[in-house]
2 protein chains.
Amino acid sequence: MSRASALTIGDLAAATGTKVETVRWYERVGLLPAPPRTEGNYRAYDAGHLRRLGFIRRSRELGFTVAQVRELLDLADQRDGSCGQVDFLARAHLTTVEQKISDLMRLAHELHEMIGQCDCGTVAECRIIDALSPHSSM
Amino acid sequence: MSRASALTIGDLAAATGTKVETVRWYERVGLLPAPPRTEGNYRAYDAGHLRRLGFIRRSRELGFTVAQVRELLDLADQRDGSCGQVDFLARAHLTTVEQKISDLMRLAHELHEMIGQCDCGTVAECRIIDALSPHSSM
DNA sequence: ATGCACCCTGTAGCAACTATAGGGTCAAGA
DNA sequence: TCTTGACCCTATAGTTGCTACAGGGTGCAT
């Protein structure tokens, strides 16, 4: 409120598609630095905060964990360091995502098979219930 | 211990590939009925419990939530009811899984592109950091 | 009788937020 | 000026599905 370009937490949240509570939570866990306060004890953010929050949100959208985002932010702050570590993190994350995809595809396949066998009679003869029961393995 | 076929919680856990704490947790949240106790206050399970726990584990492996497993168990208990509801739950779950797969595939694609552009020089010119920064949208 | 593996309860922790309760602040309209 | 309402503040508890203690009791073999 005091300076021309100061943003309230609501402004910051709206500008990045984040909930206000989430922004405060990022501050508590140390992802976003605590901004100065106004006289009325409101957080007063600037463009740097906006950029940093944008980075955080984008990384989270891409599925990086908060711990990974913290690492990425630390690395990004060392502007003249090598980006090998960044590359490593990104590749490791890609591998995780690919593993998840293949797990889910196996799952979808099993579910599909299960559903295809159901004639929708009574529960007693339901092939889905049957497939979920331990005696019929796989 | 008292009867021939009584199983301890450890037996039950081992037979289904579950941790002992998880079995107790299923009891607390009402998925697995509380079994009778021995003189020494140990849980004494029978074959029915084993079947039910097997059903729970198999459903969880297929990615059903605990709430959905609860529903499936309730439905499975109504042996002469129609299995239409079971079918509905399974199909809804399949849809969810398929949605997750497509989300993750989009993610993997973006990560792949990001990684492909990195020449691994300094952080300042790193295309990954760049792609994570808010100014380069999407 | 003593060691050890197992069992018991109750509680706290994980990720990554989300939601409430119970208040304070600020700008605008009557 | 007063008040309404939208916003902000802190602190705490809830979500999902377990997992991991801590601090004890039980059962069996040696």
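Chain letters run A, B, ... following the sequence lines, proteins first, then strands; residues in each count from 1.
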Check against side chain to side chain contact (heavy atoms under 4.5 Å, CB included), Phe64(B) and Leu111(A) | CA-CA 10 Å; Phe64(B) 287 98; Leu111(A) 284 169; 3.9 Å; yes
Side chain to side chain, Leu72(B) and Val86(B), heavy atoms closer than 4.5 Å |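 The answer is yes; the side chains approach within 4.5 Å.
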Is any side-chain heavy atom of Ser82(B) closer than 4.5 Å to a side-chain heavy atom of Cys120(A)?
->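 Sidechains of Cys120(A) and Ser82(B): no contact.
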With respect to the side chain of Arg37(B), which nucleotide from dT9(C), dT10(D), dG27(D) is positioned closest?
->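 It is dT9(C).
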Protein-nucleotide distance ([X], atom [atom1]; [N], atom [atom2]), rounded to Å:
X	N	atom1	atom2	result
Leu32(B)	dG17(D)	CG	P	16 Å
Glu39(B)	dC6(C)	CD	P	22 Å
Glu27(B)	dG17(D)	CD	C1'	17 Å
Asn41(A)	dC26(C)	CG	C1'	14 Å
Arg70(B)	dT16(D)	CZ	C1'	11 Å
Tyr42(B)	dC6(C)	OH	P	11 Å
Leu62(B)	dG17(D)	CG	C1'	16 Å
Glu61(B)	dC18(D)	CD	P	11 Å

Is a side-chain donor or acceptor of Gln117(B) paired with a backbone partner of Met114(B) at a separation under 3.5 angstrom?
->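 Not a single qualifying donor-acceptor pair exists.
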Checking Asp46(A) side chain against Gly48(A) main chain: does a donor-acceptor pair fall under 3.5 Å?
->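 Yes, because the side chain of Asp46(A) sits within donor-acceptor range (under 3.5 Å) of the backbone of Gly48(A).
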Run the salt-bridge test on [X] and [Y] with the 4.0 Å N-O cut-off and return the result as yes or no.
X	Y	answer
Arg58(B)	Glu110(A)	yes
Arg70(B)	Asp74(B)	no
Asp77(A)	Arg52(A)	yes

Under a single-linkage definition using a 4.5 Å side-chain heavy-atom cutoff for Ile, Leu, Val, Met, Phe, Trp and Tyr, are Val123(A) and Phe88(B) assigned to the same hydrophobic cluster?
->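 Each belongs to a different hydrophobic cluster.
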If you fit an axis to the five pairs at each end of the helix from dA1(C)-dT30(D) to dA30(C)-dT1(D), how big is the angle between those two axes, to 10 degrees?
->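 The angle separating the two end axes equals 30°.
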Tabulated below should be each protein N or O lying under 3.5 Å from an N or O of nucleotides 15-22 of chain C; please produce it.
unit_1	atom_1	unit_2	atom_2	d
dA16(C)	OP2	Val66(A)	N	3.1
dA16(C)	O3'	Arg60(A)	NH2	3.3
dC17(C)	OP2	Tyr26(A)	OH	3.3
dC17(C)	OP2	Arg60(A)	NE	2.6
dC17(C)	OP2	Arg60(A)	NH2	3.4
dT18(C)	OP2	Thr22(A)	OG1	3.0
dA19(C)	OP2	Lys19(A)	NZ	3.4

